[in-house]
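Notes follow the structure.
The chains referred to below are lettered A, B, ... by the order of the sequence lines, with proteins before strands, and numbering in each begins at 1. Only a predicted model underlies this, so the values are computations on that prediction, with no experimental measurement involved.
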Amino acid sequence: MTTTVRVPEGWPGTEEEARAIQDELRRRVVLDEPGPPPGTGHVTGVDVAYDDERDTVAAAAVVLDAATLEVVAEATAVGRISFPYVPGLLAFREIPTVLAALDALPCPPGLVVCDGYGLAHPRRFGLASHLGVLTGLPTIGVAKNPFAFTHADPAPARGSSSPLLAGDEEVGRALRTQEGVKPVYVSVGHRVGLDRACAHVLRLSPRYRLPESTRRADALCRRALRDATTPGTGPGPE
DNA sequence: GCGACAG
DNA sequence: ATCTTGTCGC
């Protein structure tokens, strides 16, 4: 089932407002919990796809069994694009629809794996941190590109990593999930430590560069967008 | 001041 | 993110 969402009341209309909200909410991020043990419980991937032409966004949440990586449940949501893409403000574009997809799940999500950053963010409050604070769930971010952070190239072996640095501060890790393949960029979102975040990502990536959680969510949100955008398939009278 | 910049 | 043909490989 796919739920439909509107842009929330009080959603920021300007970049200035959005940054102020980040600076306020970042104080609620919890960084001193180790997080759920890798390989146990549920791990949920979330992702979003856009059709700017039709002002439509589709989100998907896919729950996996952390031990087997089998799909336990999935949900989707569609809505209007709630904010333009601005580097550093990605969360305001994705969060309303992602929240709706998470709400539509029939079971607890467990650890949530986001596409993008958590702590590795200009104001230390990326998408994963934002989603964590709003839901109270443990979250991590896995990005496909380094933002504006520096890092050494990790050793070629699967599992090797090097710190993502903002000056002296380690805000995340470049993690090699497959031998000789470009690393992914892992950062903590909320209620999870960096070591465990990386351990989760490694377990979630037995075969491909990206975690199964995000691969599944990516495929599902694209399908949901196509369904919502294809004439004759959408809701409403006809 | 200018460019770069998660998705 | 999204736009996009053919092509190499399991």
Taking all non-hydrogen atoms of both residues into account, name the closest pair between A:A73 and A:C107 and its distance.
-> CB-SG, 3.9 Å

Greater than 12 external heavy atoms within 6.0 Å of A:R216's CZ | no

How far apart are the closest heavy atoms of A:R124 and A:A166, and which atoms are they?
-> NH2-CB, 3.2 Å

In which stems does DNA chain B show up, taking only runs of three or more Watson-Crick or G-U wobble pairs whose two distances fall under 3.5 Å?
-> none

Going by heavy atoms closer than 4.0 Å, what residues in residues 200-224 of chain A are next to DNA chain B?
-> none

Round to the nearest Å and state the distance from A:R54 atom CZ to C:dT2 atom P.
-> 14 Å

Do the numbers put A:R93 on top of the ring of A:Y50, so that NZ or CZ is under 6.0 Å from the six-membered ring centre and no more than 45° off the axis?
-> yes

Taking the six-membered ring for Trp, are the ring centroids of A:W11 and A:F92 within less than 6.0 Å of each other?
-> yes

Closest heavy-atom contact between A:P37 and A:T40?
-> O-OG1, 2.8 Å

Pi-cation contact, A:Y185 with A:R173 (under 6.0 Å, within 45°) | no

A:S129 pairs by side-chain contact (heavy atoms from CB on, under 4.5 Å) with which of A:V30, A:L25, A:L134, A:V29?
-> A:V29

Are A:Y208 and A:T177 close enough that some pair of their side-chain heavy atoms sits under 4.5 Å apart?
-> no

Contact string for nucleotides 1-7 of chain B, one letter per nucleotide 5' to 3', B = base within protein heavy-atom range under 4.0 Å, S = sugar-phosphate only, - = neither, reads ----BBB

Go through the steps for A:T2 and A:T76 under the test side chain to side chain donor-acceptor pair (under 3.5 Å), then give the verdict.
-> CA-CA 5 Å; A:T2 296; A:T76 57; 2.4 Å; yes

